[in-house]
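Okay, so here's the structure we're looking at.
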Amino acid sequence: MTGSNRQEMSCIFCRIVSGDVKAELVAREPGATAFLDVSPLADGHVLVVPDDHVARVEDLGEEAAAALFRTVTRLAGPVRAAVGAAGTTIGVNNGDATGQTVPHVHVHIVPRREGDGASSVHGIFPAGPRRPVAEVGEAIRARLA
Ligand code: AMP
Ligand code: ZN
């Protein structure tokens, strides 16, 4: 299969998008699908996936990326309000080393409330020495050129 209908039959999220596997769907938008995480980190934990199988964020095409983030943007408020939360942590595990367990891009939207015991994104990284930011900035700009 090719083009905009690229599916991997071994991929659980492709199978949810195709309707082959049941999930608690909350939105189907052009290019992206949203459903509740089967093991929620909080009530209302939603996953938003591109309809086409792409493993990593950097491999998303422009259109798929736009569709994905459009759906995330549209859902963030309603998901938060539906469970009476104060905010949402929105994140992507991108690659094996990050703990990504399903190799189909998915954006987690996790409702948050004051004192819920979870940390911010900063809390997942240990303190440690870092390279000078100017040096790293230069390395990134060189690869973008
Ligand atoms: P990650 O660790 O970022 O790859 O997250 C994968 C997420 O997918 C986990 O939070 C799982 O609970 C969730 N998940 C795996 N299988 C399913 C499924 N069939 N339906 C809904 N969520 C799922
Ligand atoms: Zn897939």
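Both ligands and their constituent atoms are indexed starting at 1 by order of listing.
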query: Aromatic ring centroids of His104 and His106 under 6.0 Å?
result: no
task: Just jot down the ligand 1 atoms closer than 4.0 angstrom to any heavy atom of Gln100, in number order.
output: 4 (O)
message: Using a 3.5 Å cut-off on N or O atoms only, is Ile12 in polar contact with ligand 1?
response: no
- prompt: Of all the atoms in ligand 1, which lie at a distance below 4.0 Å from a heavy atom belonging to Leu47?
  reply: 8 (O), 13 (C), 22 (N)
field: Short N or O distance, Val102 and ligand 1, threshold 3.5 Å exclusive
entry: yes
- prompt: Which of the numbered atoms in ligand 1 are below 4.0 angstrom from a heavy atom of Asn93?
  reply: 1 (P), 2 (O), 3 (O)
task: Heavy-atom contacts with Gly99 under 4.0 Å: which atoms of ligand 1 show up? List them by number with element.
output: 2 (O)
task: Give the residue, atom name and distance (to 0.1 Å) of the protein heavy atom nearest atom 22 (N) of ligand 1.
output: Val38 N, 3.1 Å
message: Quick one, Asp43 and Pro111 - any side-chain contact, counting heavy atoms below 4.5 Å?
response: no
- request: Answer whether the closest heavy-atom distance between the side chains of Glu138 and Glu135 falls below 4.5 Å.
  value: no
- prompt: Who's the nearest protein heavy-atom neighbour of atom 7 (C) of ligand 1, and how far?
  reply: Asp37 OD2, 3.5 Å
- prompt: What's the shortest heavy-atom distance between Gly95 and Gln100, and which atoms?
  reply: N-OE1, 2.5 Å
message: Closer than 4.0 Å to some heavy atom of Ile16 - which atoms of ligand 1 meet that?
response: 18 (C), 19 (N), 20 (N)
task: Provide the number and element of each atom of ligand 1 under 4.0 Å from a heavy atom of Ser39.
output: 12 (O)
query: Any idea which protein heavy atom is nearest atom 4 (O) of ligand 1, and the distance to it?
result: Thr101 N, 2.6 Å
- prompt: So is Leu36 close enough to ligand 1, meaning a heavy atom under 4.0 angstrom away?
  reply: yes
statement: ligand 1 atoms nearer than 4.0 angstrom to some heavy atom of His108 are 1 (P), 3 (O), 5 (O), 10 (O)
message: So Val102 and Asn93, do their side chains get closer than 4.5 Å, heavy atoms only?
response: no
query: What atom name does the N, O or S atom of His53 nearest to the Zn ion (ligand 2) carry?
result: ND1
query: Are Val92 and Leu36 joined in one hydrophobic group, where the rule is that I, L, V, M, F, W and Y side chains link up if heavy atoms are under 4.5 Å apart?
result: yes
query: What do the steps show when you test Ile16 against Leu25 for side chain to side chain contact (heavy atoms under 4.5 Å, CB included), and what is the final call?
result: CA-CA 9 Å; Ile16 288 173; Leu25 292 184; 4.2 Å; yes
Atom 5 (O) of ligand 1 [closest protein heavy-atom partner, distance rounded to 0.1 Å]: His106 NE2, 3.1 Å
query: Of all N/O/S atoms in His104, which lies nearest to the Zn ion (ligand 2)?
result: ND1
Cationic N near anionic O, under 4.0 Å, Arg74 to Glu29: yes
field: Smallest separation among heavy atoms of Ala67 and Ala32, with atom names
entry: O-CB, 3.9 Å
statement: Which of Val48, Leu68, Asp59, Val49 passes side chain to side chain contact (heavy atoms under 4.5 Å, CB included) with Val105? It is Leu68
message: How far is atom 8 (O) of ligand 1 from the closest protein heavy atom, and which atom is that?
response: Phe13 CZ, 3.4 Å
field: Between Arg80 and Thr88, a side-chain donor and acceptor under 3.5 Å
entry: no
